[in-house]
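Some notes on the structure that comes next.
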Amino acid sequence: MSTNVVVIGAGVMGSSIALELARAGRRVTVVDKAGGVGLGSTGASSAIVRFNFSTYAGVAASWEALFCWRAWPEHLGCEVADPVRFERCGLALLDVDAAPRGAYLPLFDAVGVPYEEWDAQTLAARIPGLDTGRYWPPRRLDDEAFWAPATGTLGAVFTPDAGYVSDPQLAAQNLAAAARRYGAEFRFRRTVTTIESTAGRVRTVVLDDGSRLACATVVNAAGPWSGRINELAGVGADFTIGVRPLRQEVEYLRAPDGYNPEGAAGVAVADLDLGVYLRGEVGGGMLVGGTEPECDPLQWLDDPDEANPNPTQAVFEAQVTRAARRLSGLTVPNRARGVVGVYDVADDWTPIYDRTELDGYYVAMGTSGNQFKNAPLVGRMMAALIEAVDNGADHDADPVCFVGPHTGKRIDLGAFSRRRSVNTANSGTVFG
C-alpha cells in the first residue's frame, strides 16, 4: 500500500506524532509489534509532569506541554470515550549537590515557571511526616552507613503547577483515538523487518507479514527498540549521542496516613539525596521510583525483549526502604508490587528529536524516563520539523525553532539534535 508517513511505535510518542501529522493533512500509518496502543515503555511511566531540567529547551518544553495536559480535550481536537485527567499536586525537589538551585532556578525565571523556595521548617510543615535530614550520598541497604544519622537538614524548591497524568497508557490511547479521527491507520502485531531507500531517501517499510508500505517519510518512535530500527535503516553513523535500553521498576504501595489529602494527591517529592522519588495518587496510593543513584547497578540490556517483566524483591525493598527513611509512617510490604518497563535512555538523559542522514527518516528516541510529560508537544515539534525540512530547511546547519502556542516561548530544536555535544550540566539521572 502507499502512505505518506510511517510512524514506528504506538506509544505515547508515536501516537502524538501520528495525531499531529494526520492533523496536518498527511496520510499516516502507525506500526507496532505489540497488540495495542501504549503497551511498551509508556505503560510503565509514572506520568509525572514537572519542569526540572538542566537546559532552557527542556524547561520551556515541559512548561508548554503542561498547557496541553490542562486543556486535554482541546489539545486532542475531538471527543474521546475516556479522557485522562491531569492532577495538580505540586512537586518538591529536595536540595542536593547534584541539582543545586542555582543551576535551574534561572531557567525557571527565564521561562516563567512559578516556584517557592522552602527551608527545612517549611518543607516539614508542608509535607506531613517528611524527614528533612540530609543523608547524601545515597547508599545501598547493606551499607552500614545507610543507617547513619543525618548530617544536616534539607530545604526544597516547590513548583505548585506540577502534577501527574491519571493513566499513561490511556493518554496514549486518547492520542491514538484522535489520530484515527484525522485519518491515521494503526497496524498492530506487526514487526518492521526492512527499511528500503534509494538515492539517499527512505522509500519503503517492509513488515513481517510481507506488507510493503511505500512512503516518503518514516518516524522512528520505537522506544527501547529504536536503536534496532535505526540499524535496519542504516542510520546512526553521525550520531554523537547514543541510546541504550534500561530496565526500570516503579513500585506501588499505600501511602501513609496524612500524605494524600482526601480526594487529592499529596505533594510529589524528588529526593536525589536518598535516590528516590515519591508520587501520591487520588484514592490513597503511592508510586516510588529510583533516580539512578551511583550505588545501584543499572540494568542495561542488549535486547529489550529479554527484560524480566516482574518486579524484583531486592529493587522493591531498596526503593521503598529509602522512601520510608524520608517519609515516616511508610511501611515496607513483604511482597513486591509494581510495574516493570524498559526505558530508551540517551547518554545525557536528553532525548533526540531530529532528522537523520537518510532523507525522510526522522527519530524521536531516547525519550524514556523523563519525556512522557512532553508527549503532546513532541508531536507538534516533530510535525514542525518535518514540515520545515520538507520545505528545504537545513536543520543541521540552522536548527528549526518551535514557538509554543500556549506560552510563546521559543524552543531551539537543535537542543535535541543527534549531533549535539553531550549535556554535561545534566544530573546524570532521570531528572536530566
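Keep in mind that what you see is a predicted model, and the values were worked out from it rather than measured.
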Could you give me the CA-CA distance, side-chain angles and deciding distance for Met381 and Leu413, then say whether side-chain contact (heavy atoms from CB on, under 4.5 Å) is met?
CA-CA 8 Å; Met381 293 194 303; Leu413 300 189; 3.5 Å; yes
Could you walk me through whether Arg189 and Asp208 pass salt bridge (Lys or Arg N to Asp or Glu O under 4.0 Å), step by step?
CA-CA 9 Å; Arg189 298 186 177 89; Asp208 57 350; over 6 Å; no
Asp161 and Arg88: CA distance, side-chain angles, deciding distance, side-chain contact (heavy atoms from CB on, under 4.5 Å) verdict
CA-CA 6 Å; Asp161 293 298; Arg88 181 178 181 266; 3.2 Å; yes
Taking it one step at a time, do Asp305 and Trp225 satisfy side chain to side chain donor-acceptor pair (under 3.5 Å)?
CA-CA 9 Å; Asp305 291 318; Trp225 295 272; 3.2 Å; yes
Walk me through it: do Met286 and Glu281 pass the test side-chain contact (heavy atoms from CB on, under 4.5 Å)?
CA-CA 6 Å; Met286 172 174 281; Glu281 283 194 314; over 6 Å; no
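Nearest approach of Leu358 to Val235, heavy atoms of both residues: CB-CG1, 3.6 Å. Scanning all heavy atoms of the two residues, the minimum distance from Phe316 to Pro333 falls at CE2-O, 3.6 Å. Across all non-hydrogen atoms, the minimal contact from Leu19 to Leu76 is CD1-O, 4.3 Å. Looking at every heavy atom in both residues, Pro293 comes nearest to Pro138 through CB-CB, 3.6 Å. Taking every heavy atom of both residues into account, Val28 and Ala18 meet most closely at CG1-CB, 4.0 Å. Residues Leu175 and Ser16 share a closest heavy-atom pair of CD1-CB, 3.9 Å.
Geometric assessment of Arg180 against the ring of Phe186 yields a positive cation-pi assignment under the 6.0 Å and 45° thresholds. For the pair Arg247 and Tyr343, the cation-pi test (distance below 6.0 Å, angle within 45°) is failed. By the 6.0 Å and 45° rule, Arg70 does not stack over the aromatic ring of Phe86. Under a cutoff of 6.0 Å and an axis angle of 45°, Arg337 and Tyr252 do not form a cation-pi pair. Both tests hold for Arg50 against Phe53: distance to the six-membered ring centre under 6.0 Å, angle to the ring axis within 45°.
Judged by distance alone, the side chains of Asp209 and Ser211 do bring a donor and an acceptor atom under 3.5 Å apart. Side-chain atoms of Ser46 and Tyr277 include a donor-acceptor pair closer than 3.5 Å. Judged by distance alone, the side chains of Gln299 and Glu249 never bring a donor and an acceptor atom under 3.5 Å apart. At a cut-off of 3.5 Å, with distance as the only test, a side-chain donor of Ser226 or Asp344 sits close to an acceptor on the other residue. In summary, the side chains of Tyr115 and Asp109 do present a donor paired with an acceptor at a separation below 3.5 Å, with no hydrogens or angles considered. For the residue pair Thr407 / Glu64, a side-chain donor-acceptor distance below 3.5 Å is found, with atom types taken as modelled.
Between Asp82 and Leu170, some side-chain heavy-atom pair lies under the 4.5 Å cut-off. Looking only at side-chain heavy atoms (C-beta outward), Leu107 and Tyr56 come within less than 4.5 Å of each other. Within the 4.5 Å cutoff, no side-chain heavy atoms of Leu301 are placed close to those of Leu246. Proximity of Val218 to Val205: side-chain heavy atoms (C-beta onward) are separated by under 4.5 Å at one or more points. Inter-residue side-chain proximity for Ile195 and Val206 is flagged as unmet; no heavy-atom pair is nearer than 4.5 Å. Residues Val192 and Val31 are in side-chain contact: their nearest non-hydrogen atoms beyond the backbone lie under 4.5 Å apart. Taking 4.5 Å as the limit, every side-chain heavy atom of Val49 sits out of range of all side-chain heavy atoms of Leu91. Taking 4.5 Å as the limit, every side-chain heavy atom of Val165 sits out of range of all side-chain heavy atoms of Lys373.
Using a cut-off of 4.0 Å between Lys/Arg side-chain N and Asp/Glu carboxylate O, Glu20 and Arg23 are scored as salt-bridged. Residues Glu87 and Arg279 are not paired through a salt bridge, judged by the lack of any N-O separation under 4.0 Å between the basic side chain and the carboxylate. Salt bridge Arg420/Asp354: absent, no basic N to carboxylate O contact under 4.0 Å. A salt bridge is absent between Asp359 and Arg203; no separation between the charged side-chain nitrogens and carboxylate oxygens falls under 4.0 Å. At a threshold of 4.0 Å, the pair Asp396-Arg418 counts as salt-bridged, since one of the basic side-chain nitrogens sits closer than that to a carboxylate oxygen. The existence of a salt bridge linking Asp32 and Arg190 is excluded, since no basic side-chain nitrogen approaches an acidic carboxylate oxygen closer than 4.0 Å. By the 4.0 Å N-to-carboxylate-O rule, Arg201 lies too far from Glu196 to be salt-bridged with it.
For Glu116, the CD atom is densely surrounded, since the number of other residues' heavy atoms within 6.0 Å is greater than 12.
With ring centers used as reference points, Trp69 lies under 6.0 Å from Phe372.
Classified by interplanar angle (parallel below 30°, tilted 30° to 60°, perpendicular above 60°), the ring pair Trp63/Phe51 is perpendicular. Classification of the Trp72-His75 ring pair by plane angle, with boundaries at 30° and 60°, yields parallel.
Each of Asp296, Asp271, Asp273 was scored for a salt bridge (Lys or Arg N to Asp or Glu O under 4.0 Å) with Arg322, with one residue passing: Asp296.
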